[in-house]
Amino acid sequence: MALPKQSEDFPGWYQEVVKQAELAETSLARGTMVIKPYGFAIWEAIQRAVDDRIKATGHQNLYFPLFIPYSLLEKEAEHVEGFAPEVAVVTHAGGEKLEEPLVVRPTSETIIWNTYAKWIQSYRDLPLLYNQWCNVVRWELRPRIFLRTTEFLWQEGHTAHETADEAIAEARMILEDVYADAVEKVLAVPVRRGRKTAAERFAGAVETMAIEGLMRDRKALQAGTSHYLGQNFAKAYGVQFQGRGGDLEFAYATSWGVSTRLVGGAIMTHGDDKGLRLPPALAPYQVVIVPIYKNDDEKGSVVAKARAIKDSLTGVRVRIDDRDEHRPGYKFNEWELKGVPLRIELGPRDIAADQVMIARRDTGEKQTLPTGEVPARVPRLLEDIQVSLFAQASAFRDEYSFDAKDYGELAALIADPGGFVTGGWCGNPECEAKVKADTKATIRYLPLDPEPPAGECIVCGTAAVERATWAQAY
RNA sequence: CGGGGAGUAGCUCAGCUUGGUUAGAGCGCGGCGUUUGGGACGCCGAGGCCGCAGGUUCGAAUCCUGUCUCCCCGACCA
């Protein structure tokens with residue numbers, strides 16, 4: 001029942017809060033999870049936020065199949081190499097061995113670009129701006145519920161363009177206007193936007209960009225990725241079009257995705273020792289009303305009043321907890337565990353005084369409020385909480401973002417207290433690998449826009465080509 | 001695939017060393033009653049192939065052999 005303290009056992013806290021708040025549980029096959037209604041409602045809010053923005057930026061949804069012939073995967077060399085180890089393959093079906101094994105999609109570039117070859121003939125067919133919501137499977141060796149599961153839910157956008165510039169602009173627009181915007185505004189999770197190094201790049205991409213959040217255990221979480229794929233997939237799958245000048249050209253590609261991992265990101269960004277703290281925009285219930293009564297007569301009048309208050313809150317997601325089997329104190333703790341932003345306590349004393357007791361989950365503050373002011377004040381309080389959670393998370397992230405002067409300081413900061421540590425980097429993968437070997441930290445991001453050369457590489461002391469930011473990551 | 005640990009009630013575990021009544025506790029679950037402004041209490045009750053398969057023995061949750069599964073730590077990852 002009791003939650004481990006974050007400061008003493010963060011992984012234990014995470015695992016327990018997911019279980020006790022009834023977000024999800026692990027299922028029979030290793031690495032798989034059952035997402036329960038309360039957790040799925042959070043995912044649906046994320047989906048809505050992301051889907052609205054995908055549509056608003058001119059994309060359409062469609063659906064590609066779960067199964068992909070194995071031979072198709074093999075056509076893009078880097079891509080196979082990257083994904084082959086974690087791919088699940090169907091070899092038998094219908095009681096027989098299949099002539100050609102089928103891959104369960106780990107991502108859909110291969111089947112999609114194979115199909116785009118049929119859809120793209122002319123520059124007039126471009127751009128193709130498509131997205132799908134689906135499940136994918138990657139055979140993970142170390143699963144962590146929501147953060148790294150064998151099967152997970154996500155969206156994957158796949159666009160085809162006439163020029164490289166257009167594709168690069170698309171990938172960046174998705175990162176900033178769709179992902180960063182949705183994650184910061186709805187999940188209230190502040191993120192750093194950046195480019196990935198070659199070592200961290202998506203298999204088959206020319207450039208990978210990502211948003212990175214900092215969790216309360218000071219480890220980074222990659223919260224979304226957007227890739228510029230160049231002509232790699234067009235060449236592998238023969239996607240050519242006749243250009244404006246009449247020449248045959250290969251199309252330029254992007255792909256981008258966010259997944260159920262974001263649920264874990266929201267939990268680990270805002271949660272405290274009492275449980276979840278959900279930003280109102282994400283919360284399945286924004287307000288819970290706990291009626292307090294001593295007998296059936298009181299219950300009747302208190303619940304009736306609770307319903308009237310609920311009805312007065314149009315556009316607000318309100319839940320009345322009139323369960324008889326638990327007393328109010330139990331319900332307070334349970335809804336705090338589940339992260340409901342606002343709690344209204346309503347008893348005979350309040351009704352007599354024509355007021356309610358209202359408690360904020362983010363700060364723990366409790367105050368009385370005249371009943372008449374509830375419809376006006378509650379939406380404002382919800383906005384406050386949304387802003388406050390983002391501000392708290394931003395302040396935390398900034399408090400644990402450092403500039404390191406030298407390698408010793410970099411290693412020391414990563415070890416304690418942890419967080420984002422920035423320093424010059426020469427661009428050499430060997431220096432990157434050394435940091436990882438010494439500290440377990442990886443380069444989480446490089447600046448989106450090239451910055452002027454910044455002194456020396458913090459690892460080897462030669463001239464730096466850019467500023468890199470390291471952290472231990474999920 | 002290496003190193004470590006664990007399989008007994010829905011959950012967390014005790015019992016095993018030294019075999020021997022009807023296999024236990026807490027929580028949870030069901031019924032009844034009293035309660036209800038920060039995790040209530042009493043009484044009654046349901047619930048077990050002791051991971052699985054062999055073996056030793058008059059007798060196995062307990063000893064032996066095999067096997068399967070899960071968890072934690074290292075190499076890959078949204």
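In the text below, chain A, chain B and the rest are named by the order of the sequence lines, each starting its count at 1.
- Although no hydrogens or angles enter the test, the distance criterion places a donor-acceptor pair under 3.5 Å between the side chain of A/R317 and the main chain of A/P280.
- Taking the 5.5 Å centre cut-off and the 30° plane limit, the aromatic side chain of A/F152 is classed as stacked on B/A78.
- For A/R216 (side chain) and A/S7 (main-chain N/O), no donor-acceptor pair under 3.5 Å exists by modelled atom type.
- Across B/G38, B/G37, B/C76, the shortest atom-to-atom separation from the side chain of A/N333 is found for B/G38.
- Across all strands, A/R343 comes closer than 4.0 Å to base atoms (heavy-atom distances).
- Considering only the side chain of A/K366, B/G38 comes nearest among B/G38, B/A78, B/G37.
- Looking at heavy-atom distances under 4.0 Å, A/E345 makes contact with a base.
- Atom C1' of B/U18 sits at a distance of 30 Å from the matching atom of B/C70, rounded to the whole Å.
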Pair A/H158-A/W256, side chain to side chain contact (heavy atoms under 4.5 Å, CB included): steps then yes or no: CA-CA 7 Å; A/H158 296 274; A/W256 24 276; over 6 Å; no
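- With RNA chain B read from its 5' end, the first of the two nearest nucleotides for A/I351 and A/S259 is the one closest to A/I351.
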Worked check of side chain to side chain contact (heavy atoms under 4.5 Å, CB included) between A/W43 and A/L23: CA-CA 10 Å; A/W43 173 237; A/L23 300 179; over 6 Å; no
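- Distance noted for atom C1' between B/U65 and B/U56: 11 Å (whole Å).
- Only the C1' atoms considered, B/A46 is 25 Å distant from B/G7, to the nearest whole Å.
- Pairing each heavy atom of A/A471 with each of A/G419, the nearest pair is CB-O, 3.4 Å.
- Distance, A/F332 CZ to B/A40 P: 11 Å, rounded to whole Å.
- Going from atom CZ of A/R261 over to atom P of B/C77 covers 12 Å, rounded to whole Å.
- The cationic atom of A/R319 (NZ for Lys, CZ for Arg) lies less than 6.0 Å from the six-membered ring centre of A/Y285 and within 45° of the ring axis.
- Residue-level contact check: A/D324 touches neither bases nor backbone, having no heavy atom under 4.0 Å from any strand.
- Nucleotides B/U57 and B/C64, compared at atom P, are 16 Å apart to the nearest Å.
- Among the protein residues, A/G347 comes within range of the nucleic acid bases, having at least one heavy atom under 4.0 Å from a base atom.
- For A/R138, no side-chain nitrogen or oxygen approaches OP1 or OP2 of B/C77 to under 4.0 Å.
- The closest donor-acceptor contact from the side chain of A/H270 to the backbone of A/A188 lies under 3.5 Å.
- Atom CH2 of A/W133 is separated from atom P of B/A78 by 18 Å (rounded to the nearest Å).
- The gap from the P atom of B/C13 to that of B/A6 amounts to 11 Å, rounded to the nearest Å.
- B/G59 and B/A23 have their C1' atoms separated by 16 Å, given to the nearest Å.
- Contact annotation for A/L147: base contact, defined as any heavy-atom pair under 4.0 Å involving a base atom.
- For the pair A/R144 CZ and B/C73 C1', the interatomic distance rounds to 13 Å; values are reported in whole Å.
- Both A/K294 and A/K436 lie near RNA chain B, and the one whose nearest nucleotide falls closer to the 5' end is A/K294.
- Considering only the side chain of A/E336, B/G38 comes nearest among B/G38, B/A78, B/U36.
- Checking the phosphate oxygens (OP1, OP2) of B/G38, no side-chain nitrogen or oxygen of A/R327 falls inside 4.0 Å.
- B/G15 and B/U62: their P atoms are spaced 15 Å apart (whole Å).
- A donor-acceptor contact shorter than 3.5 Å links the side chain of A/Y38 to the backbone of A/K338.
- A/Y474 places its OH atom 16 Å from the P atom of B/A78, with the value rounded to the nearest Å.
- Looking at the side chain of A/R142, the nearest of the listed nucleotides B/G38, B/U36, B/A75 is B/A75.
- Here the side chain of A/L141 is nearest to one of B/A75, B/G39, B/A78, namely B/A75.
- Atom-to-atom, CD of A/E109 to P of B/A78 comes out at 12 Å; the value is rounded to the nearest Å.
- Residue-level contact check: A/E86 touches the backbone only, with heavy atoms under 4.0 Å from sugar-phosphate atoms and none from bases.
- Comparing B/U36, B/A78, B/G37 by their nearest atom to the side chain of A/T149 picks out B/A78.
- Between A/K440 atom NZ and B/C73 atom P there is a gap of 10 Å when expressed in whole angstrom units.
- When all heavy atoms of A/A468 and A/L446 are compared, the closest pair comes out as CB-CD2, 3.7 Å.
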Per-nucleotide pairing state of RNA chain B [Watson-Crick or G-U, under 3.5 Å; [ ] pseudoknot-crossing; | other strand]: (((((((..((((......[...)))).((((((.....)))))).....(((((..]....))))))))))))....
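- Side-chain N or O atoms of A/E156 include one that pairs as donor or acceptor with a backbone N or O of A/S108 at under 3.5 Å.
- Residue A/K19 places none of its side-chain N or O atoms closer than 4.0 Å to OP1 or OP2 of B/C11.
- Of the C1' atoms belonging to B/G24 and B/G47, the separation is 14 Å, rounded to the nearest Å.
- Residue A/F146 contributes atom CZ, which lies 18 Å from atom C1' of B/C77 at whole-angstrom precision.
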